[in-house]
There are 2 protein chains.
Amino acid sequence: MIITQKSQYAMRAVFELARREGCGPVKIGEIAEAQAIPPRFLENILNQLRQGGLVESRRGKEGGYLLSRLASEISAGEVIRLTQGPICVAECCGGTVEERCPFHGDCVFLPLWERASRALESVYDGTTIADLVGQEMTRHAGALMYSI
Amino acid sequence: MIITQKSQYAMRAVFELARREGCGPVKIGEIAEAQAIPPRFLENILNQLRQGGLVESRRGKEGGYLLSRLASEISAGEVIRLTQGPICVAECCGGTVEERCPFHGDCVFLPLWERASRALESVYDGTTIADLVGQEMTRHAGALMYSI
DNA sequence: ACAAATCTCGATTAAGTCGATAGAGATACT
DNA sequence: AGTATCTCTATCGACTTAATCGAGATTTGT
């Protein structure tokens, strides 16, 4: 499965919320500006993440969004699943049944698609948002070293 | 990246050619019937595989297609690349440059997408068409065992 | 030379998905 | 009360994908 633009926006939004962990709700506008995301599109995305229980929202003045869990307990896989569905490389392996396949359940390729899907899952589920924030800080530190 | 219907057809077509290795050219119509592929669509696909050097064609009566290499030397990854391009999970990691990304080359997520892409590649490039044929024969043998 | 079967090539269409935007409504703070 | 913010649903255009078509080129066999 391709990582859609929407999922990338979602990742960046959650990443931005993680960087501001503990600073109270962050407005859509701020996230959008910090991460170069079309604001009205980001509305939809954050709403979807909220319905999935990944973020919480506060309305009214001084409202905005915040993570409902620690960034160290949110995996990239979760963000991806909430924004683009199950992580699988073919329709026939992600769903519940043997649909859209002329060889219902008895397909030579199914094990291959399943191995590929599990490989993807293991990468995405094995990386947390906190990992990503940490990696950025490390790299930034490296850049500072250079500049000294 | 999702495995498109076209790639799945291509896999099945190559698989069918592999099963008939050494039996001379196989007609589009036969492959289409054996693997439940729309014949006119299969034309396009086989043509593409031929241009990629994976299969050869014979025209005229008794014409058809045959593998240009042993099935044990054709990987699933090759078939996929010929029919749907480079194996990568995001535009920003498959192409040559840092395009379509607002953080040109300096993106926190790039390493993640690259790890995911390499995981996919290792699955697809590590499986040959001969492996798949072998797996089907094994399973068929198992079914026979049951019926005895 | 001819006819039939087959591949070759480019164009086209229909349907679906994706990215993005819009407007009207609900809620909370001051 | 008023304002700033989130909430929901609908919509739009562009693009991709799956599938089909027609006319042409090539080979085989007679």
Side-chain angles (χ1 to χ4, degrees), chain A residues 1-13 17 24-33 35-66 68 80 83-85 89-92 94 100-102, chain B residues 1-13 17 24-33 35-66 68 80 82-86 89-92 94 100-102:
Chain A
M1 61 163 9
I2 214 90
I3 300 296
T4 62
Q5 186 78 335
K6 185 176 179 183
S7 275
Q8 301 213 29
Y9 288 157
M11 290 284 292
R12 302 219 299 260
L17 289 179
V26 187
K27 300 189 218 319
I28 287 182
E30 292 181 40
I31 304 173
E33 193 177 6
Q35 293 289 333
I37 305 173
R40 296 301 310 259
F41 195 21
L42 182 55
E43 280 183 22
N44 298 341
I45 295 167
L46 285 171
N47 210 345
Q48 219 167 334
L49 294 181
R50 179 184 58 84
Q51 287 169 7
L54 206 69
V55 302
E56 288 173 17
S57 64
R58 302 276 183 273
R59 290 212 256 202
K61 216 163 186 166
E62 300 309 305
Y65 283 90
L66 28 78
S68 45
I80 294 170
T83 45
Q84 52 175 120
V89 302
E91 290 83 0
C92 52
R100 292 177 68 91
C101 178
Chain B
M1 61 164 8
I2 214 94
I3 300 297
T4 61
Q5 186 76 337
K6 185 177 177 181
S7 275
Q8 301 212 31
Y9 287 157
M11 290 285 290
R12 303 220 297 261
L17 289 179
V26 187
K27 303 189 216 319
I28 287 183
E30 292 181 41
I31 304 173
E33 193 178 4
Q35 293 290 333
I37 305 172
R40 299 298 311 255
F41 195 22
L42 182 55
E43 281 183 20
N44 299 341
I45 295 168
L46 285 171
N47 209 346
Q48 218 167 332
L49 295 180
R50 180 183 56 85
Q51 286 168 11
L54 206 70
V55 301
E56 289 172 16
S57 65
R58 301 278 185 274
R59 289 212 255 200
K61 216 162 186 168
E62 300 308 303
Y65 284 90
L66 27 79
S68 46
I80 294 170
L82 284 180
T83 44
Q84 52 176 121
V89 303
E91 289 82 0
C92 51
R100 292 177 69 92
C101 178

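Chain identifiers are assigned alphabetically (A, B, ...) following the order of the sequence lines, protein sequences preceding nucleic acid strands; residue numbering begins at 1 within each chain. Atom set for the values below is all heavy atoms of this structure, side chains included, hydrogens, waters and symmetry mates excluded. In this text the structure is predicted, and so the values were computed from the model without any measurement.
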Requested in this report: Classify every nucleotide of nucleotides 21-27 of chain D by which part a protein heavy atom approaches to under 4.0 Å, writing B for the base, S for the sugar-phosphate alone and - for neither, in 5'-to-3' order.
Outcome: BB-BBBB
Query raised in the report: Using a cut-off of less than 4.0 Å, is there contact between a side-chain N or O of B/Q84 and OP1 or OP2 of D/dT16?
Result: no
Query raised in the report: Would you say the side chain of B/L46 lies within less than 4.5 Å of the side chain of B/L49, judging by non-hydrogen atoms?
Result: yes
Query raised in the report: Any side-chain heavy-atom pair from B/E33 and B/E30 closer than 4.5 angstrom?
Result: no
Query raised in the report: Roughly how many Å is it from CD in A/Q51 to C1' in D/dT9, rounded to a whole number?
Result: 12 Å
Query raised in the report: Is A/E30 touching bases, backbone alone, or none of the nucleic acid, heavy atoms closer than 4.0 Å?
Result: nothing
Query raised in the report: Is A/G64 touching bases, backbone alone, or none of the nucleic acid, heavy atoms closer than 4.0 Å?
Result: sugar-phosphate
Report task. Tell me what A/Q48 touches on the nucleic acid: a base, only sugar-phosphate, or nothing, going by heavy atoms under 4.0 Å. Result -> nothing
**Report entry** Distance, nearest 0.5 Å, that separates OH of B/Y65 from CG of B/N47
**Finding:** 5.0 Å
Report summary line: Of A/Y9 and B/K27, the one whose closest nucleotide on DNA chain C sits nearer the 5' end is B/K27
Requested in this report: Verify, without hydrogens or angle tests, whether A/S68 (side chain) and A/L54 (backbone) share a donor-acceptor contact under 3.5 angstrom.
Outcome: yes
Report summary line: Winner on side-chain proximity to B/S57, out of C/dC9, C/dT21, C/dC7, is C/dC7
Query - Axial bend angle, the helix from C/dA1-D/dT30 to C/dT30-D/dA1: five-pair end segments, nearest 10° - result: 10°
Query raised in the report: Do any N or O atoms from the side chain of A/Q84 and from the backbone of A/I2 form a donor-acceptor pair under 3.5 angstrom?
Result: yes
Report task. Starting at CD of A/Q5, measure out to CD1 of A/I37 and round the result to the nearest 0.5 Å. Result -> 9.0 Å
Query raised in the report: How close or far is atom C1' of C/dA14 from atom CZ of B/F41, stated in whole angstroms?
Result: 13 Å
Query raised in the report: Is B/I28 touching bases, backbone alone, or none of the nucleic acid, heavy atoms closer than 4.0 Å?
Result: sugar-phosphate
Report task. Mind calculating the distance between CD1 (B/I3) and C1' (D/dA18) to the nearest angstrom? Result -> 16 Å
Report task. Whole angstrom is fine here: how far is it from CG in B/L42 over to P in D/dA18? Result -> 14 Å
Query raised in the report: Can you check whether B/I3 reaches B/Q8 side chain to side chain, under 4.5 Å on heavy atoms?
Result: yes
Query - 5′-ward residue of the pair B/E62/B/R50 relative to DNA chain C - result: B/E62
Report task. Round to a whole Å and report the spacing from CD of B/E33 to P of C/dT6. Result -> 13 Å
Query - Over all atoms of both residues, closest heavy-atom pair of A/A36 and A/Y9 - result: O-CE2, 4.3 Å
Report summary line: Rounded to whole Å, CD1 of B/I45 lies from P of C/dC7 at a distance of 14 Å
Query raised in the report: Given side chains that start at C-beta, do those of A/T83 and A/T4 come closer than 4.5 Å, heavy atoms only?
Result: no
Query raised in the report: Mapping A/V26 and B/K6 to their closest nucleotides on DNA chain D, which lands nearer the 5' end?
Result: A/V26
Report task. Nearest whole angstrom, please: distance from the P of D/dT7 to the CD of A/E56. Result -> 11 Å
Report summary line: Residue set satisfying salt bridge (Lys or Arg N to Asp or Glu O under 4.0 Å) with A/E56, at least two apart, ordered chain then number -> A/R58
Report summary line: note: B/N47, atom CG; D/dA18, atom C1'; distance rounded to Å ~ 17 Å
